[in-house]
Structures are given as C-alpha cells and as structure tokens.
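Each chain gets a letter, A, B and so on, in the order the sequences are listed, and its residues count up from 1. Quantities reported herein were computed from a predicted structural model and do not represent experimental measurements.
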Amino acid sequence: MTTAALYDQPGPRAIARNQIFGVVSGVAVLALLAWIVYRFYDTGQFDSIKWQQFQYKAVQQELLDGYLTTLKVAGIAAIGALVFGALFAAGRLSDYRLVRAPATFVVELFRAIPLLVLIFFAYYVPLQYGFPFDKMWALVIGLVLYNGSVLAEIFRAGMLAVPYGQSEAGYAVGLRKTQVMTLILLPQAVRAMLPAIVSQLVVLLKDTALGFIINYPELLFVGKQIGGRLVFGLPYVPTYLIVAAIYIATCGLLSLLAYWLQRRLIRGKSQKTAAAPVPITMEPGSIGPTGSSVG
Amino acid sequence: MGEFFHTLTDNSDIFVRAFKTTIELFLIGAIGALILGTLLGAMRVSPIPVLRAVGTTYVQLIRNTPLTLVFALLVFAVPKLGVNLDYFTSAYVALIAYTGAFVCEAVRSGINTVPAGQGEAARALGMTFNQVLGSIVLPQAFRAIVPPLMSIFIALMKNTTIAAGFSVLEAGALQPYLSERSQNQTYVLLWITLFFLLLIVPLIGLQRVLERRWKVAR
C-alpha cells in the first residue's frame with residue numbers, strides 16, 4: 001500500500017501539529033549535527049595539519065592505489081562469482097539427482113558460513129601446508145564462494161520465474177533441455193535477474209573491505225595507514241571520512257543502476273509472458289531458500 | 001584425527017568464551033537493530049518530511065557502506081573525537097547501526113504489503129496515525145516482515161565475525177588467537193565452521209518454516 005494511505009490529508013490542526021513536530025525534529029537533527037561539528041572543532045579535526053597530507057601527490061596516489069586495488073579484487077571476484085553462480089545454478093536445475101544434490105549442498109553450505117571464515121580458510125590453510133596464497137587470491141576465493149552461491153540462487157530463481165508455457169513451447173517444437181535453457185529461458189531470465197545481480201555485486205564490492213582484516217592493502221587498509229601517521233596528528237577522522245565518501249559514492253552509483261534497471265523492468269512488464277523480476281537482495285545472505293528475498 | 005578433537009578439548013575454555021561472546025553480540029545486536037529499524041521504518045512512513053528525509057538518508061548511507069568501515073570508523077575515528085567507546089560497545093554500536101538500516105527496509109516493505117483498504121478503513125473509523133499503524137497495519141505487516149527479518153538476523157549472526165578484526169574475542173577471532181598458541185589452524189577453522197553451522201542452520205530452518213507457513217495469502 002502506498003504510505004499516503006496511512007494518514008488522511010491533514011486538516012488545519014494536523015498541519016499545525018505536523019509543523020510543530022517537523023520543527024522539533026528538525027531542531028533535534030540540527031542539534032545533533034552541531035554537536036558533531038563541535039566535537040570536530042573541539043578535537044581539532046579542522047586543523048590544517050590533519051588535512052595537509054591530502055595535498056601531497058604521493059598520498060593521493062596511495063588512496064587511488066587502494067581504491068584501484070579494491071576495484072580490481074571486486075572485478076576479479078565478480079567474474080568468478082558469476083561463473084560459479086552460473087555453473088551451480090545449472091547444477092541445481094539439473095534433472096539428475098547426482099548433479100543436483102551436490103550442487104545444492106555446496107550452495108547452501110557456502111551461504112551459511114560467515115564470509116570472513118571462508119577468507120580465513122583460503123588464507124591460513126594453504127599457508128599452514130606450505131604453499132601460501134597471495135592475500136588477494138584468498139580474498140577473491142572467499143568472495144567467489146560466498147557471492148557465487150548467492151548468485152546461483154538468484155540465477156535459479158530467475159530461470160524458475162519464466163512462465164512454464166515458455167519451456168513447454170520449447171519442448172513442443174522439439175528442443176532439447178539444454179536448448180530450452182540457453183535459447184528460451186536464459187535470455188528472458190537475464191532481464192528479470194539483472195537488478196538483483198547488480199545489487200549482489202554491490203554487496204560483493206562492500207565485502208572486499210574484509211581484506212582489511214587479513215591486512216590486504218585495499219582501500220580501507222590504506223585508510224588506516226594514512227590515518228595512523230603521527231606526524232600529521234593521527235588524522236583518522238579526515239581519512240575515514242574520505243574513504244567512506246569513496247565507498248558510498250561507488251556503491252551508491254551501482255545501487256542506483258540496480259534501482260533504475262528494476263524500475264525499467266517493472267514499467268516494461270506489460271506482456272504476460274515476461275518473467276517477474278527477481279527481488280533485489282540488500283544484505284549478505286538475504287536471499288531466501290525458495291529464491292525469494294528481502295525486497 | 002585425535003589431534004582434531006584435542007584442538008577443541010585443549011582449548012574448550014576459549015571456545016566457550018568466544019562463542020558466548022558471539023551469541024551475546026548476536027542477541028543484543030538483534031534486539032537493538034529491531035528497535036532502531038522499527039523506529040526508522042516508522043520515520044520513513046510518517047507524515048513529517050524532516051523525519052522521512054532523516055530515515056531515508058540514514059538507510060541509503062548505511063546500505064552503501066561496508067560494515068567493516070562502520071567498525072573502523074567507530075574503533076579508530078570516533079575516539080579521536082573525544083568519545084571513548086570500548087571495543088565491545090563499538091562492536092554493538094556498529095552491528096546495531098548497520099543492521100538497523102536493513103530492518104528498516106524490511107519493516108517498510110512489510111507495511112507496503114498491507115492493502116490500502118485496511119489503512120483507509122481504519123482512518124474512516126477516525127483512528128489517528130499511531131492507531132492506524134500500531135493497531136491495524138503493523139500487526140498485519142508482521143507476517144510479511146518476519147521471514148525477511150530472519151534473513152537479516154542470519155546475516156547478523158555471520159557479521160558478528162567482523163568484530164574479530166577489531167579486538168573483540170568472538171568466534172571469528174579464535175583462529176588468530178589460537179594460532180598464537182600454535183594450534184593446528186585448519187582444525188581450529190573447521191571447529192569454528194562447525195559451531196557456526198550449529199548456530200545458523202536452526203535459524204535457516206526456522207526461516208523456511210515461517211516462510212512457508214506465513215506466506216501471506218492474498
């Protein structure tokens with residue numbers, strides 16, 4: 001229901017009351033912001049020394065490198081997760097129980113284990129047995145296993161969302177199952193899945209920040225190094241504000257893309273044959289077992 | 001195989017302590033996030049534009065911020081502002097602030113599943129906004145909210161591991177902690193995984209049951 005149905009068109013008294021509430025809450029928010037700014041001022045966060053190093057080319061380069069590292073890991077992991085997801089979604093949709101059961105097990109397992117534990121596995125276990133992985137690959141493996149499993153569920157939900165008549169028609173004209181999947185279902189499902197996929201890739205991008213915990217030099221880790229410089233008065237606050245702004249801008253743009261795709265999809269869904277859009281996931285592990293998710 | 005079990009039995013005190021912390025983080029985080037999320041959700045559907053704007057801004061900012069960054073902000077940046085939180089409090093605040101945004105979205109989309117006629121009928125009886133929301137809409141929205149809420153709590157349970165990177169000895173921190181005691185790291189990780197599955201699988205099962213049973217028939 002539209003939220004407007006929760007309350008009537010306000011009359012003169014309600015308008016006055018709402019305005020009072022509005023002013024009071026506005027003042028409260030401003031007071032909070034003012035307090036934060038005061039804390040900034042009081043602890044000298046506006047001092048030029050704390051911001052000075054961001055003028056240096058070397059520090060800007062450091063931040064940029066961190067950002068590019070984050071993007072690189074996210075890019076590699078995204079490709080890996082899409083491939084992993086496609087393979088295991090196909091496995092879960094297989095007619096053969098021998099293929100279906102292990103694929104289901106793997107997908108369910110990796111969705112249930114905390115991502116950080118997966119990354120620890122990928123990093124510390126090879127280390128213990130004497131063939132250390134690069135930290136980047138440990139991070140990538142963790143991200144691929146977890147996000148790939150979630151993507152597999154999104155792909156499966158998308159394929160199942162295509163109306164049954166479509167595959168029936170495919171079989172009726174004599175296509176094999178593989179052909180029905182790739183020629184009939186997949187092209188229609190991709191449309192329905194695209195917002196959910198993009199949204200999951202945002203989750204993946206956010207999760208690259210876990211590299212911080214295994215000391216992999218991605219954006220957040222670089223931020224800690226820059227913020228920890230005593231010469232510049234430990235500028236953690238300015239540095240993390242900048243790092244947060246970078247993350248929010250990047251993920252925000254991707255989220256916007258997902259939202260835009262979703263809107264386009266709903267508007268364009270006039271024909272009865274189109275698959276219903278797969279709901280957007282917004283949280284690690286939020287996609288439900290039946291393929292429904294937090295929307 | 002013997003060593004595998006010894007890893008657990010020799011360090012059972014640490015395992016118990018760490019998983020107790022994990023469960024505490026989870027429970028307090030869940031309750032806090034539920035309260036914060038419901039408040040934010042109410043703000044986002046309220047007739048007051050300022051509150052709506054605050055709710056929307058908060059949710060959008062948090063949704064596009066990695067949880068690890070929220071932790072880092074609280075642990076490294078906030079003390080520099082003269083606000084001193086210990087590691088535990090930081091972990092609670094981070095988990096609640098982060099998860100609350102997702103609870104808010106679940107509440108809001110749950111409210112959206114209640115047909116407009118319900119709110120209209122309540123208003124026709126002369127109910128106020130608080131009555132419409134509290135007595136009519138939220139109780140009906142509850143069924144639609146609980147299954148996604150379970151997903152959010154499952155994610156919260158897994159997210160508690162991130163506190164490991166910020167000096168809280170919970171399950172995720174067992175591995176680095178015990179490797180200093182020169183325990184077999186693979187075994188430690190296997191035990192951690194096993195215990196996490198024990199915590200999470202019942203939640204997943206519960207979620208499935210609820211999802212099936214409470215599927216709103218409209």
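For B:T128, no part lies near chain A; criterion is any non-hydrogen pair under 4.5 Å. At a 4.5 Å heavy-atom cutoff, the contact between B:F166 and chain A is made by side-chain atoms alone. Heavy atoms of B:F76 lying under 4.5 Å from chain A belong to its backbone as well as its side chain. Only the side chain of A:F212 has a heavy atom closer than 4.5 Å to any heavy atom of chain B. The parts of A:V125 that come within reach of chain B are both its backbone and its side chain, each placing non-hydrogen atoms under 4.5 angstrom from that chain.
When each of B:V201, B:L190, B:T160 is scored by its heavy-atom pairs under 4.5 Å with chain A, the top score falls to B:L190. Here A:Q128 is the residue among A:Q128, A:Q19, A:Q45, A:R39 with the most heavy-atom pairs under 4.5 Å with chain B. Contacts with chain A were tallied for B:L203, B:I192, B:T161; B:T161 has the most, counting heavy-atom pairs under 4.5 Å. Contacts with chain B were tallied for A:A209, A:P114, A:G223, A:C251; A:P114 has the most, counting heavy-atom pairs under 4.5 Å. With chain A as partner, the option from B:I200, B:V70, B:T186, B:T193 having the largest number of non-hydrogen pairs under 4.5 angstrom is B:T186. Your options are A:F121, A:Y247, A:F120, and the one with the most heavy-atom pairs under 4.5 Å with chain B is A:F121. The greatest number of non-hydrogen atom pairs below 4.5 Å with chain A, out of B:V83, B:I62, B:V78, B:N184, is found for B:N184. In terms of heavy-atom pairs under 4.5 Å with chain A, the best-connected choice from B:L73, B:L133, B:L199, B:I162 is B:I162.
Other residues, nucleotides and ligands contribute only 12 or fewer heavy atoms inside 6.0 Å of the OH atom of B:Y87. When the shell of 6.0 Å around OH of A:Y41 is examined, it contains 12 or fewer heavy atoms from other residues, nucleotides or ligands. Counting heavy-atom neighbours within 6.0 Å of A:F105 CZ, excluding the residue itself, gives a total of 12 or less.
Side-chain contact between A:F40 and B:L81: present, with at least one pair of heavy atoms (C-beta onward) separated by less than 4.5 Å. Proximity of B:I48 to A:F21: side-chain heavy atoms (C-beta onward) are separated by under 4.5 Å at one or more points. Within the 4.5 Å cutoff, the side chain of A:L115 has no heavy atoms near those of the B:K158 side chain.
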Using atom types as modelled, flag every donor-acceptor pair under 3.5 Å from a side chain in residues 230-245 of chain A to any protein atom, sequence neighbours excluded.
from	atom 1	to	atom 2	distance (Å)
A:T239	OG1	A:P235	O	2.5

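Within residues 51-60 of chain B, the residues having any heavy atom under 4.5 Å from a heavy atom of chain A are, by residue number, B:L51, B:R52, B:V54.
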Test log, rule side chain to side chain contact (heavy atoms under 4.5 Å, CB included), inputs B:K80 and A:T43: CA-CA 7 Å; B:K80 292 280 167 294; A:T43 54; over 6 Å; no
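Once rounded to the nearest 0.5 Å, the distance linking CG of B:L61 with CD1 of A:I248 reads 5.0 Å. For the atom pair CG of A:L109 and CG of B:L197, the computed distance is 6.0 Å after rounding to the nearest 0.5 Å.
In this structure a side-chain-to-backbone donor-acceptor pair under 3.5 Å is missing from A:K206 to B:T68.
Residues A:N18 and B:P47 approach most closely at ND2-CB, 3.8 Å, considering heavy atoms. Summarising the geometry of A:L116 relative to B:A164, their closest heavy-atom pair is CD2-CB, 4.4 Å, with the distance given to 0.1 Å.
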